[in-house]
Amino acid sequence: MKQKCHLPFEQYVDISGHMDTNTAITALGALAQEHRLAAFRLLARTGEDGLAAGELARQIGIPHNTMSSHLATLSNAGLISATRDGRSMIYRIVPAAMRGLLGFLTDDCCQGRPELCGLPPASGENCC
């Protein structure tokens, strides 16, 4: 079953259905830090349920204020979104952004034929 995206796919891809280079660089930069990558991977595992910022900080083992800074970076890169639930902010990955980034990274695999490398075609479908 396809998950509902929190933000429009068009925000992360160009008219051809591919993520642009600057957006990919921003996303990769946001993931290029140990605790941000750990938070993103943890959120990817939780799926639509997401996690509160405090629980993310606890599970990763860093202070809450540090976690907030990391979450802001991931959010600014468009990789995660947040919704308020009472006094907590619940964070979730943005599946469209993840699909766009994965597609960007695999577009040129095997001379533009990612299926030869055992990867699905970078069409932005059937992932996440």
Side-chain angles (χ1 to χ4, degrees):
M1 182 163 94
K2 194 171 183 179
Q3 291 185 9
K4 217 173 165 184
C5 297
H6 296 281
L7 295 173
F9 185 65
E10 293 79 19
Q11 182 174 347
Y12 303 100
V13 298
D14 64 21
I15 195 162
S16 69
H18 299 99
M19 179 175 275
D20 67 72
T21 300
N22 289 332
T23 303
I25 289 168
T26 300
L28 291 168
L31 294 171
Q33 197 281 338
E34 175 186 5
H35 296 128
R36 288 193 299 265
L37 182 58
F40 183 80
R41 293 185 73 202
L42 185 54
L43 290 172
R45 284 192 299 274
T46 64
E48 289 183 349
D49 293 339
L51 279 175
E55 182 59 19
L56 278 165
R58 187 189 69 72
Q59 288 194 34
I60 293 171
I62 62 174
H64 292 246
N65 60 336
T66 303
M67 186 81 260
S68 293
S69 174
H70 290 314
L71 292 171
T73 300
L74 291 168
S75 182
N76 290 336
L79 294 170
I80 65 172
S81 64
T83 54
R84 183 165 295 283
D85 182 18
R87 291 179 47 195
S88 296
M89 293 299 288
I90 305 299
Y91 290 87
R92 296 172 181 84
I93 64 162
V94 177
M98 188 168 162
R99 280 192 301 274
L101 182 58
L102 292 172
F104 178 86
L105 293 172
T106 60
D107 263 354
D108 298 322
C109 181
C110 297
Q111 299 176 336
R113 297 187 56 205
E115 66 277 4
L116 295 177
C117 300
L119 300 168
S123 65
E125 296 177 13
N126 300 325
C127 176
C128 310

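We're numbering straight along the sequence, starting at 1. Hydrogens, waters and symmetry mates are skipped; everything else that's a heavy atom, side chains included, is used.
For Ser68, there are no side-chain contact (heavy atoms from CB on, under 4.5 Å) partners two or more places apart in sequence or in a different chain. Applying the side-chain contact (heavy atoms from CB on, under 4.5 Å) criterion to Thr73, with sequence neighbours excluded, gives Ala30, Arg36. Under the rule for a side-chain contact (heavy atoms from CB on, under 4.5 Å), Ser69 has no partner lying at least two apart in sequence or in another chain. The side-chain contact (heavy atoms from CB on, under 4.5 Å) search around Arg41 returns Leu37, Arg45, not counting sequence neighbours.
Residues Thr23 and Asp20 have side chains that bring a donor and an acceptor to within less than 3.5 angstrom of each other.
Pairs engaging residues 66-90 under the salt bridge (Lys or Arg N to Asp or Glu O under 4.0 Å) rule: none recorded [sequence neighbours left out]. Each salt bridge (Lys or Arg N to Asp or Glu O under 4.0 Å) pair with one or both residues in residues 21-32, not counting sequence neighbours, would appear here, but there are none. The list of salt bridge (Lys or Arg N to Asp or Glu O under 4.0 Å) pairs with a residue in residues 62-75, not counting sequence neighbours, is empty. Residue pairs meeting the ring pair (Phe, Tyr, Trp, His ring centres under 6.0 Å) criterion with at least one partner in residues 70-95, sequence neighbours excluded, are His35-His70.
Rounding to the nearest 0.5 Å gives a distance of 11.0 Å between CD1 of Ile80 and CZ of Arg92. In this structure, Leu71 CG and Leu79 CG are separated by 11.5 Å, a value rounded to the nearest 0.5 Å. Note that the CD1 atom of Ile93 and the CE atom of Met98 stand 5.0 Å from one another [nearest 0.5 Å].
Tracing side-chain contacts under 4.5 Å through hydrophobic residues (I, L, V, M, F, W, Y), one never reaches Ile90 starting from Leu74; they form parts of separate clusters. Residues Leu28 and Phe40 are members of one and the same hydrophobic cluster, defined by side-chain heavy-atom contacts under 4.5 angstrom among Ile, Leu, Val, Met, Phe, Trp and Tyr.
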List the atom pairs, with distances to 0.1 Å, where a side-chain N or O of residues 58-66 and a protein N or O form a donor-acceptor pair under 3.5 Å, not counting sequence neighbours.
| from | atom 1 | to | atom 2 | distance (Å) |
| --- | --- | --- | --- | --- |
| Arg58 | NE | Glu55 | OE1 | 3.1 |
| Arg58 | NE | Glu55 | OE2 | 3.4 |
| Arg58 | NH2 | Glu55 | OE2 | 2.5 |
| Gln59 | NE2 | Glu55 | OE2 | 2.7 |

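The side-chain heavy atoms of Leu31 and Leu101, taken from C-beta on, include a pair separated by under 4.5 Å.
The two residues Ala52 and Ser88 have their closest heavy-atom pair at CB-CB, 4.3 Å.
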